[in-house]
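All chains are named by letter (A, B, ...) in the order of the sequence lines, taking the proteins before the strands, and each is independently numbered beginning at 1.
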Amino acid sequence: MKIATFNINGIKARMNALTDWLGEAQPDVALLQEIKSVDEAFPREHFEDLGYNVETHGQKSFNGVAILSKLPLEDVTRGLPGDDEDEQARWIEATVTGDTHSVRLCGLYLPNGNPTPGPKYDYKLAWMDRMFARAQELLASEMPAMMAGDYNIIPQAVDAKRPDAWRDDALFKLESRTAYRRILNLGFTEAFRTRNPAPEQFSFWDYQAGAWNRNDGIRIDHLLLTPQAADLLTECKIDAEIRGREKPSDHVPVWVDLAA
DNA sequence: ATGGCACTGTTTCAGTGA
């Protein structure tokens, strides 16, 4: 079962790039972030025609997450629990069932948090506290589960071309990385690093300053697996090449294959 | 990070992102 995460930076602007990639990569499930669309405006029929079931959790202009799945999507929930006042669309869950296992999938768009300090950074850290609580529940369920998406977290210096440039940024500040590590340390497996120890492997390159051409990137899109899901992990890769195409997102897909 | 870009909105620049 091939499951990908992809921050598309706007569904309207990414129709061609996303459609091309789906055709080539043939993921069973694609967790999308930054659809920047309300649910009613999401071009669901286009993806249904490609054989995908579509579930969205959108909002106007910003944020927004979605799941495309060739397998049926069951028990869909929207929103990260823990704050009824939170209007930002950043979390969606569903269960998919393969030949041998059911897997709970959480698609997430973790807040950027800049500038620091300030209310946006406070929101990021508070959001991560709520995510910690949901992560505990997933582990307690003892089922194969995954939290995947744009974490807006550079876990370690090796995950940036120029870590010094990010020292005081909300993506790399010690407080951010500590909050991420606290979730990981509950017992999750970060799929990419488990299988790819080499440096200079990134999932985001800024549109500015020729970042892609200089491989001046950061690795901020992650897939965290519960132990039961980690036992099924057979592969994890970054589809970096599509960053060099026409009208790309600034992120690229990261995917896992699970023997599920 | 000196700075360079891109997306949405009902636009003609501002807010946001990373």
With rounding to the closest Å, how many angstrom separate the [atom1] atoms on [N] and [M]?
N: B:dG4; M: B:dG9; atom1: P; answer: 24 Å
N: B:dT16; M: B:dT2; atom1: P; answer: 24 Å
N: B:dC13; M: B:dA18; atom1: P; answer: 26 Å
N: B:dT10; M: B:dC5; atom1: P; answer: 25 Å

Rounded to whole Å, how long is the line connecting atom CG of A:Asp164 with atom P of B:dT2?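 So the CG-P distance, A:Asp164 to B:dT2, works out to 12 Å.
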Between A:Trp205 (CH2) and B:dA6 (P), how many Å, whole number?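 It is 16 Å, rounded to the nearest whole Å.
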More than 12 heavy atoms from other groups under 6.0 Å of CG on A:Asn185: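 For A:Asn185, atom CG is crowded (more than 12 foreign heavy atoms under 6.0 Å).
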Residue mapping more 5' on DNA chain B - nearest nucleotide basis, A:Arg162 or A:Ala209: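 Upstream on the strand: A:Arg162.
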Does A:Tyr151 have any ring-ring contact (aromatic ring centres under 6.0 Å, His included) partners at least two apart in sequence or in another chain, and if so, which?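 Listed in chain order: A:Tyr180, A:His222.
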side-chain hydrogen bond (donor to acceptor under 3.5 Å, both in side chains) partners of A:Tyr121, counting only residues at least two apart: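 For A:Tyr121, the residues satisfying side-chain hydrogen bond (donor to acceptor under 3.5 Å, both in side chains) (neighbours in sequence not counted) are A:Ser176.
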Taking salt bridge (Lys or Arg N to Asp or Glu O under 4.0 Å) as the cut-off, I'd like each qualifying pair that reaches into residues 136-148 of chain A, sequence neighbours left out, listed once.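 Residue pairs with at least one partner in residues 136-148 of chain A: A:Arg134-A:Glu137.
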Provide the full list of salt bridge (Lys or Arg N to Asp or Glu O under 4.0 Å) pairs with a residue in residues 184-194 of chain A, sequence neighbours left out, each pair given once.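 Qualifying pairs, neighbours excluded: A:Asp159-A:Arg193, A:Glu190-A:Arg219.
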Restricting to side-chain contact (heavy atoms from CB on, under 4.5 Å), what partner residues turn up for A:Asp216, sequence neighbours left out?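 With sequence neighbours excluded, A:Asp216 shows a side-chain contact (heavy atoms from CB on, under 4.5 Å) to A:Lys161, A:Arg162, A:Ala211, A:Arg214, given in chain and number order.
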B:dA6 phosphate, OP1 or OP2: any side-chain N/O from A:Arg14 under 4.0 angstrom?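 Answer is no, no contact under 4.0 Å.
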Treating primed atoms plus P, OP1 and OP2 as sugar-phosphate and everything else as base, which nucleotides of nucleotides 9-18 of chain B get B, S or - for protein heavy atoms under 4.0 Å? SS----BSSB
